[in-house]
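Accompanying notes for the structure given below.
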Amino acid sequence: NEKLLRTLRDTIAQAQKRKRPPDVVFVLTSDATSIVGDDIANAARIVEEETGVNVIALDTPGFLGGTAKGVDAALTALLRRFAANEESSEQKNGVNIIAPYLMGSKNWINDNDEIVRLLQGAGIAVNTVLTRNFRLDELNKFAQAKYNLNLSGENLSEFEELSSQFGVSSYDKNLPLPIGAANTEEWLLSIAKDIGQEEKAKEILVADQKFVQRQLRFNYNFSWMSTLMYQKRCGLLAHAKFGVSLARCLLWDFGIVPRVVGLIAESDRAVNQAMELLEAIKGQADIKILINPTYFEYGNTLKEAKVDFSIGAIHDKALSLGHNIPHLSLCGYHFFNQYNFIPYPNMGIRGVLGLLTELSRVMEETFYIKDTMKITD
């Protein structure tokens with residue numbers, strides 16, 4: 001406890017010395033700290049009274065649950081401490097984007113920015129993004145929103161209950177993430193019809209389609225690559241809603257057949273939403289669906305399905321290469337997984353260009369390297 005107090009005091013003092021005092025300091029427990037039962041809440045209270053800096057203590061051992069559970073706790077704490085909950089005579093308007101990193105896109109930072117651009121282009125205000133490039137004072141606009149837009153499908157029960165007390169409902173339509181042309185049209189037009197301007201949404205969709213067409217028109221590389229992609233079989237291992245949205249996009253926009261879809265989810269709601277979204281392509285492809293598979297199960301299923309390549313997170317790569325299957329990292333979390341420093345999205349119709357760039361890399365491996373790996377094996 002003394003070490004924690006000293007660390008908090010030193011951290012805040014150093015920040016103040018650099019003339020960059022923090023708005024808030026978080027204290028998060030590991031497994032060992034939680035088991036021992038150190039009184040982090042009391043330490044936070046003491047230092048907050050001494051310094052005037054907000055200190056929030058959260059009990060976050062891994063054994064309490066997965067990432068969604070931790071996100072739920074952190075967002076609930078932010079909302080409880082900083083959001084203004086004053087009754088307003090103004091009509092509620094716009095949305096709050098909730099936990100964009102839980103989508104499971106390795107490119108979530110640029111993907112989130114594209115989602116904001118699309119919503120704003122359809123006349124839908126984005127009040128706050130929890131969390132991406134936001135200031136604490138923006139939480140004053142949280143309760144002015146009509147809906148929370150949860151991009152993961154995961155169950156954030158505490159946060160959702162507190163949001164309802166602020167008069168903000170969860171947008172409850174089960175829509176795919178806006179990956180590729182077809183998904184983006186369904187996603188944006190549905191939301192715009194409910195809380196935005198449908199005509200504006202159509203305008204931005206048409207403009208983005210023309211932008212992509214201009215980039216690809218008379219492009220021989222695209223003609224060759226799209227032919228190479230057509231009818232290739234792939235395996236997917238991704239967070240549930242991201243994975244099924246990507247599977248739909250691969251089939252409808254690129255002609256790539258998802259043969260194996262492994263869904264990672266922490267809640268029944270995320271699984272159920274994903275399965276419902278998969279219904280749209282079940283009759284168009286023979287898909288083996290795995291729910292929270294072990295690596296052993298997923299790897300064997302990839303091999304049995306004779307896929308041409310796999311898509312997943314970077315830590316799945318060794319598994320796929322071990323089965324002589326080229327691998328593309330598109331999924332998972334941002335850290336230690338994203339080495340693209342150009343701010344292009346994989347979401348939206350414009351994101352088709354980003355996906356083409358990524359898919360072309362694994363197509364090259366499929367075309368040139370797969371036979372080499374077999375010879376080496």
Side-chain angles (χ1 to χ4, degrees), residues 103-108 110-111 114-115 117-118 151 174-191 201-202 204-261 263 274 276-287 307-312 326 328-331 340 344-364 366-367:
M103 285 189 293
S105 163
K106 75 162 189 178
N107 196 28
W108 78 264
N110 297 319
D111 288 344
E114 179 67 3
I115 285 171
R117 185 189 75 88
L118 288 168
L151 298 181
N174 184 22
L175 299 174
L177 290 171
I179 306 176
N183 286 328
T184 300
E185 287 181 10
E186 180 179 345
W187 178 83
L188 188 60
L189 290 176
S190 180
I191 297 175
K202 290 177 181 177
I204 195 171
L205 289 170
V206 169
D208 286 356
Q209 286 170 356
K210 289 180 177 178
F211 175 82
V212 171
Q213 288 167 353
R214 285 195 299 271
Q215 300 300 312
L216 300 179
R217 192 181 182 198
F218 304 129
N219 188 320
Y220 178 76
N221 285 331
F222 168 65
S223 300
W224 180 80
M225 187 55 67
S226 60
T227 302
L228 183 61
M229 289 179 186
Y230 187 68
Q231 291 296 294
K232 285 289 187 295
R233 303 179 304 276
C234 79
L236 269 170
L237 182 61
H239 290 78
K241 182 164 281 193
F242 184 85
V244 297
S245 302
L246 183 57
R248 289 159 51 121
C249 170
L250 291 171
L251 185 61
W252 288 340
D253 294 342
F254 299 104
I256 295 171
V257 181
R259 288 283 287 108
V260 179
V261 177
L263 303 178
E276 184 180 313
L277 290 169
L278 267 180
E279 287 295 325
I281 62 170
K282 270 189 177 179
Q284 302 168 41
D286 181 17
I287 305 172
V307 300
D308 295 295
F309 68 97
S310 69
I311 297 176
L328 174 62
S329 297
L330 273 182
C331 315
N340 163 46
Y344 67 71
N346 291 330
M347 293 280 173
I349 293 177
R350 288 187 174 211
V352 166
L353 298 174
L355 287 173
L356 269 173
T357 302
E358 296 274 15
L359 287 166
S360 296
R361 296 172 184 166
V362 78
M363 284 299 111
E364 193 173 16
T366 301
F367 191 73

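All values reported here derive from a predicted model rather than from experimental measurement.
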Rounded to the nearest 0.5 angstrom, the CD1-CZ distance for I204 and F211 is 12.0 Å
For the residue pair L236 and G243, what are the closest heavy atoms and their distance? CD1-O, 3.6 Å
So, does R259 use its side chain to make a donor-acceptor pair with the main chain of D286 at under 3.5 Å? yes
K241 vs N174 side-chain heavy atoms within contact, under 4.5 Å: yes
Please report the closest heavy-atom contact between I256 and C234, naming both atoms and the distance. CG2-SG, 3.9 Å
Starting at CH2 of W108, measure out to NE2 of H239 and round the result to the nearest 0.5 Å. 13.5 Å
Non-hydrogen side-chain atoms of E185 and Q209 separated by less than 4.5 Å: yes
Distance-only, no hydrogens or angles: does the S190 side chain make a donor-acceptor pair with backbone N or O of W187 under 3.5 Å? no
Between N107 and Y344 (side chain of the first, backbone of the second, donor and acceptor by atom type, cut-off under 3.5 Å), is there such a pair? yes
If I compare all heavy atoms of P258 with all of I281, which pair ends up nearest, and what's the gap? CG-CD1, 4.3 Å
Work out which heavy atom in D253 is nearest to a heavy atom in G180; give both atom names and the distance. OD2-CA, 3.1 Å
Does L356 reach the side chain of L216, with side-chain heavy atoms less than 4.5 Å apart? yes
Looking only at heavy atoms, which two atoms of A280 and R248 are closest? And how far apart? CB-NH1, 3.6 Å
Side-chain ion pair, E364 and R361, N-O less than 4.0 Å: no
CD1 of I179 to CG of L250, rounded to nearest 0.5 Å, is 8.5 Å
Side-chain contact, heavy-atom cut-off 4.5 Å: N346 with N110? no
Please step through side chain to side chain contact (heavy atoms under 4.5 Å, CB included) for the pair C249 and F254, ending with a clear verdict. CA-CA 7 Å; C249 170; F254 299 104; 3.6 Å; yes
Between the side chain of D308 and the main-chain N/O of R233, is any donor-acceptor distance below 3.5 Å? yes
CG/L246 to SG/C331 distance, rounded to the nearest 0.5 angstrom? 6.0 Å
Rounded to the nearest 0.5 Å, how far does CG of L205 lie from CG of L189? 5.5 Å
Run the side chain to side chain contact (heavy atoms under 4.5 Å, CB included) check on E358 and S329 step by step: do they pass? CA-CA 9 Å; E358 296 274 15; S329 297; over 6 Å; no
Any donor and acceptor pair, going by atom type alone, linking the side chain of K232 with main-chain N or O of L228 inside 3.5 Å? yes
Within this structure, what is the CG-OG distance for the pair L177 and S245, rounded to the nearest 0.5 Å? 4.0 Å
Any donor-acceptor pair under 3.5 Å linking the side-chain atoms of D111 with those of S105? yes
Quick one, W252 and Q284 - any side-chain contact, counting heavy atoms below 4.5 Å? yes
Output, in order, the C-alpha distance, side-chain angles, deciding distance and verdict of side chain to side chain contact (heavy atoms under 4.5 Å, CB included) for M103 and I115. CA-CA 12 Å; M103 285 189 293; I115 285 171; 4.2 Å; yes
Which heavy atom of A285 sits nearest to which heavy atom of V257, and what is that distance? CB-CG1, 3.9 Å
Does I349 reach the side chain of L118, with side-chain heavy atoms less than 4.5 Å apart? no
